[in-house]
Amino acid sequence: MYLYKIFRILMITLVYTSIIFQPEVFGAQIERRVSFKKGKTPVLVKGKLPLDAYYDSYYFAAKARQTLTVKLVTDDPEGYIAIYETKELGPDEDTILANSERSRVWTGRLPVTGEYSVQVYDASENGLNRFAYSIEITLK
């Protein structure tokens, strides 16, 4: 009986927490590692940004001076990408493609050897416009 009460309190707490804190507070829904096989580039990743996510995130290792190209393909005009370095650079230096730019395509040389994150966002104000997408990631 005691365990049942603890379980019930825990479940009620989880339900209220999910109602009080919006998905933007929790962050990414999908966090997936992307691997580049030798001679097999680009990598194509398909996904669907669900209603309860603020963004999806795809991680991969890359070396300094490699050229990264990322293309987002979706029918939704509100979709865009952002790119960050996640391990080596500090919080004021880790932005490769800023979230505020709301771009769908980016190509450039990477500044450091480290781990990078491509994030897929939805810019709709109501949060109801979640969409299917594919991203093509090329690393040379």
Side-chain angles (χ1 to χ4, degrees):
M1 186 67 159
Y2 179 72
L3 288 175
Y4 174 75
K5 286 182 181 182
I6 291 175
F7 178 76
R8 187 171 176 193
I9 290 170
L10 180 63
M11 292 307 293
I12 291 170
T13 302
L14 281 170
V15 169
Y16 281 118
T17 302
S18 67
I19 292 170
I20 293 170
F21 294 105
Q22 295 301 315
E24 288 80 5
V25 174
F26 291 119
Q29 178 65 28
I30 302 254
E31 291 184 1
R32 183 171 151 193
R33 179 142 312 271
V34 175
S35 297
F36 296 91
K37 295 181 181 176
K38 195 167 190 163
K40 300 244 179 169
T41 189
V43 171
L44 183 65
V45 180
K46 294 183 179 188
K48 182 171 183 172
L49 198 63
L51 287 174
D52 61 346
Y54 184 52
Y55 63 91
D56 284 350
S57 187
Y58 299 91
Y59 293 92
F60 55 91
K63 294 180 180 177
R65 296 180 302 281
Q66 281 188 294
T67 299
L68 174 66
T69 301
V70 180
K71 296 176 187 175
L72 173 67
V73 178
T74 181
D75 291 335
D76 192 310
E78 302 293 330
Y80 66 95
I81 58 171
I83 304 170
Y84 299 94
E85 194 286 324
T86 65
K87 299 283 184 192
E88 299 300 319
L89 300 175
D92 294 334
E93 303 168 332
D94 65 349
T95 302
I96 306 301
L97 173 63
N99 185 326
S100 60
E101 291 186 37
R102 295 190 175 176
S103 179
R104 288 179 179 238
V105 177
W106 185 85
T107 297
R109 289 203 180 266
L110 299 176
V112 297
T113 298
E115 181 178 79
Y116 290 84
S117 171
V118 174
Q119 299 174 355
V120 179
Y121 286 88
D122 173 19
S124 67
E125 297 298 320
N126 61 15
L128 299 176
N129 196 21
R130 302 307 191 191
F131 56 88
Y133 63 85
S134 64
I135 53 174
E136 184 180 287
I137 304 171
T138 305
L139 193 58
K140 294 182 181 179

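Only a predicted model underlies this, so the values are computations on that prediction, with no experimental measurement involved.
Residues passing the side chain to side chain donor-acceptor pair (under 3.5 Å) test with Glu101: none are found, sequence neighbours excluded. With sequence neighbours left out, the salt bridge (Lys or Arg N to Asp or Glu O under 4.0 Å) criterion links Arg65 to no other residue. The side-chain contact (heavy atoms from CB on, under 4.5 Å) search around Leu89 returns Glu85, Glu93, Asp94, Pro111, Val112, not counting sequence neighbours. In terms of the side chain to side chain donor-acceptor pair (under 3.5 Å) criterion, residue partners of Ser117 (sequence neighbours excluded) are, by chain and number, Ser57, Gln119.
Side-chain contact annotation: Tyr133 with Asp56, donor-acceptor N/O pair under 3.5 Å present.
Expressed to the nearest 0.5 Å, how far OG1 of Thr74 lies from CD1 of Ile81 amounts to 12.5 Å. Atom CG in Leu72 sits 7.0 Å away from atom OG in Ser134 (nearest 0.5 Å). If you take CG on Leu97 and OG1 on Thr95, they are separated by 9.0 Å, rounding to the nearest 0.5 Å. The distance from the CG atom of Leu110 to the CG atom of Leu139 is 6.5 Å, given to the nearest 0.5 Å.
Between Glu136 and Val73, the closest side-chain pair of non-hydrogen atoms is not below 4.5 Å. Side-chain contact between Val120 and Ile135 is present, with at least one heavy-atom pair separated by less than 4.5 Å.
When every heavy atom of Ser35 is checked against every heavy atom of Val43, the shortest pair comes out as O-CG2, 3.6 Å.
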- Test log, rule side chain to side chain contact (heavy atoms under 4.5 Å, CB included), inputs Asp75 and Phe131: CA-CA 8 Å; Asp75 291 335; Phe131 56 88; over 6 Å; no

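The side-chain hydrogen bond (donor to acceptor under 3.5 Å, both in side chains) contacts involving residues 104-116 comprise Arg33-Glu115, Thr69-Thr107, Thr86-Glu115, where partners must be two or more places apart or lie in separate chains. Residues in residues 58-92 take part in these ring-ring contact (aromatic ring centres under 6.0 Å, His included) pairs, two or more places apart or across chains: Phe36-Phe60, Tyr80-Tyr121.
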